[in-house]
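Below: the structure, in structure tokens.
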Amino acid sequence: MEVTHPFHPLRGQQYELVRGRTSCRGESLVVLRCKGRVIKLPLAWTSAHPVDPYVLCAPEQTFFRLPDLLAVAELVRVLTGEEV
């Protein structure tokens, strides 16, 4: 399993998967680092996360996915109390 998040300091490094976890915060993976130490990473930050079909079909067509833009619009609406 590889860390794929573009801004994570461990990006590109390979780790052995210990187990997956699901909690109210979402899915995460527990991976083995060195000397028996483990760390927890969000599933979306790793190569174990399924690739978005839109990204496969239309790479470099857009910078944002529709669900992400809708979530940002909702957050702006809530924070400002206005309709977006």
Side-chain angles (χ1 to χ4, degrees):
M1 188 279 319
E2 181 179 338
V3 179
T4 57
H5 190 282
F7 304 115
H8 197 284
L10 301 177
R11 181 175 189 231
Q13 295 187 28
Q14 299 278 333
Y15 294 101
E16 180 182 338
L17 176 63
V18 175
R19 69 178 179 270
R21 295 183 55 168
T22 301
S23 70
C24 60
R25 294 182 181 158
E27 296 178 272
S28 61
L29 301 176
V30 177
V31 298
L32 184 62
R33 279 194 80 185
C34 58
K35 300 179 184 175
R37 293 176 50 189
V38 295
I39 58 171
K40 185 172 81 169
L41 295 167
L43 176 64
W45 294 5
T46 70
S47 60
H49 187 265
V51 177
D52 185 334
Y54 183 81
V55 173
L56 286 176
C57 295
E60 301 177 17
Q61 295 293 318
T62 183
F63 292 108
F64 305 102
R65 297 178 320 125
L66 179 59
D68 300 330
L69 292 173
L70 292 172
V72 170
E74 176 63 15
L75 180 60
V76 169
R77 187 191 66 74
V78 169
L79 293 175
T80 62
E82 298 177 11
E83 291 296 319
V84 176

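For this chain, numbers begin at 1 and follow the sequence in order. Basis for what follows: all heavy atoms, side chains included, without hydrogens, waters or symmetry-related copies.
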Hey, could you give me the [atom1]/[atom2] distance between [X] and [Y], rounded to the nearest 0.5 Å?
X	Y	atom1	atom2	result
Ile39	Leu10	CD1	CG	5.5 Å
Arg11	Gln13	CZ	CD	12.0 Å
Arg25	Lys40	CZ	NZ	6.5 Å
Ser47	Tyr15	OG	OH	12.0 Å
Thr46	Glu2	OG1	CD	9.5 Å
Leu43	His49	CG	NE2	5.0 Å

- Derivation of the side-chain contact (heavy atoms from CB on, under 4.5 Å) call for Arg21 and Leu29: CA-CA 6 Å; Arg21 295 183 55 168; Leu29 301 176; over 6 Å; no
- Message: Is there a side-chain contact between Arg33 and Val38 in this structure, where contact means two heavy atoms from C-beta onward sitting under 4.5 Å apart?
- Response: no
- Flag yes if more than 12 heavy atoms outside Gln14 fall under 6.0 Å of its CD atom; otherwise flag no.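 Yes, the 6.0 Å shell around CD holds more than 12 heavy atoms from other groups.
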- In one Ile/Leu/Val/Met/Phe/Trp/Tyr side-chain cluster, 4.5 Å: Leu69, Leu75: no
- Single-linkage hydrophobic cluster, 4.5 Å side-chain cutoff, Leu41 and Leu17 together: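 Leu41 and Leu17: one cluster.
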